[in-house]
Amino acid sequence: MVDGVNSNGNGKEWVKINDTTQDKEYQSALDKKINSILGGKETISVEKLRNNSVFSNLSEGAEKRFNDIARMDGDGKTLSAQELRVLYSLADAKLENDQFKFDTNLEIDGNSGLEQATDKEVNVMIQNLVQSDIRKRVETIDTLK
């Protein structure tokens, strides 16, 4: 168990998931990225984000997880800052030597958190990154793995 997230016997562990996602500097860096994407608006359309970001070419599994997260607030056609926080954190997390690490290099590949994280791991990120009103809704979402 690493930072309260069990590897579930799959050999994968998160390195400092709680410390990183609860860290004020990390959250500030995420918010800066998200604010630049939103440009003063409350949401961005899923289509617009997908056309011009690291989320433009996803595998089937990552696509399902992306769509589940996009529906966290009940609207799967737009993304709020809360949803973007989770998506970009998953894009930041990379599986290396059976450990997820945050490197602030946002990219989606076969080793990204969007591809490799379990539901439990995603839920820890949601708990750390999302405000409680949306978090209650998310607990019922059935994510990828």
Side-chain angles (χ1 to χ4, degrees), residues 1-39 41 43-131 134-135 137-145:
M1 184 178 265
V2 172
D3 287 323
V5 179
N6 190 325
S7 67
N8 296 323
N10 64 9
K12 296 180 280 187
E13 297 178 317
W14 288 86
V15 175
K16 299 185 179 182
I17 184 174
N18 285 328
D19 290 345
T20 301
T21 56
Q22 290 178 345
D23 181 75
K24 296 299 179 199
E25 287 183 36
Y26 183 78
Q27 289 183 3
S28 178
L30 273 180
D31 289 342
K32 184 178 179 181
K33 172 76 174 167
I34 290 163
N35 289 337
S36 72
I37 292 167
L38 292 176
K41 297 179 182 177
T43 62
I44 185 172
S45 75
V46 167
E47 182 179 341
K48 185 173 181 181
L49 180 72
R50 294 291 304 271
N51 287 336
N52 192 22
S53 74
V54 297
F55 303 105
S56 62
N57 188 23
L58 300 176
S59 70
E60 183 179 331
E63 178 81 26
K64 183 178 182 327
R65 166 106 353 108
F66 177 96
N67 290 332
D68 288 341
I69 292 168
R71 289 189 294 269
M72 280 184 358
D73 65 359
D75 176 5
K77 295 183 188 280
T78 63
L79 293 159
S80 66
Q82 303 283 340
E83 293 162 325
L84 289 171
R85 279 180 135 197
V86 175
L87 285 171
Y88 276 99
S89 288
L90 287 169
D92 182 22
K94 300 290 176 287
L95 184 63
E96 297 175 5
N97 299 319
D98 291 328
Q99 293 184 324
F100 283 103
K101 298 179 181 178
F102 294 93
D103 61 5
T104 65
N105 183 15
L106 304 172
E107 63 183 355
I108 310 281
D109 59 22
N111 292 321
S112 73
L114 197 63
E115 290 273 352
Q116 296 290 330
T118 65
D119 287 347
K120 185 174 183 178
E121 293 162 340
V122 171
N123 284 331
V124 168
M125 293 185 81
I126 290 168
Q127 291 290 323
N128 291 346
L129 295 168
V130 175
Q131 292 177 359
I134 293 177
R135 193 180 315 142
R137 222 185 255 249
V138 172
E139 292 172 358
T140 63
I141 290 178
D142 179 26
T143 55
L144 180 63
K145 297 180 184 176

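Atom-to-atom distance recorded for L129:CG and L84:CG is 11.5 Å, nearest 0.5 angstrom. From L30, atom CG reaches atom CG of L87 across 11.0 Å, with rounding to the nearest 0.5 Å. Atoms CE and CG, from M72 and N67 in turn, are 13.0 Å apart once rounded to the nearest 0.5 Å. Considering NZ of K64 and CG of L114, their distance stands at 12.0 Å, rounded to 0.5 Å. Distance check: Q82 CD to D73 CG gives 9.0 Å after rounding to the nearest 0.5 Å.
When every heavy atom of T78 is checked against every heavy atom of E83, the shortest pair comes out as O-OE1, 3.5 Å. Summarising the geometry of R85 relative to Q27, their closest heavy-atom pair is NH2-CB, 3.3 Å, with the distance given to 0.1 Å. Among all heavy-atom pairs drawn from L38 and L79, the shortest one is CD2-O, 4.2 Å. Residues S80 and T43 share a closest heavy-atom pair of CA-CG2, 4.2 Å.
Side-chain contact check for V46 versus F66: some heavy-atom pair is nearer than 4.5 Å.
Between the side chain of K120 and the backbone N or O of A117 there is no donor-acceptor pair closer than 3.5 Å. In this structure a side-chain-to-backbone donor-acceptor pair under 3.5 Å is present from E121 to T118. Formation of a donor-acceptor pair under 3.5 Å by the D92 side chain with backbone atoms of Y88 is not found in this model. Remark: side-chain polar atoms of R65 are not paired, donor with acceptor, to backbone N or O of V122 under 3.5 angstrom. No donor-acceptor pair closer than 3.5 Å links the side chain of S89 to the backbone N or O of V86.
In this structure, N51 places its CG atom where more than 12 heavy-atom neighbours from other residues, nucleotides or ligands lie under 6.0 Å away.
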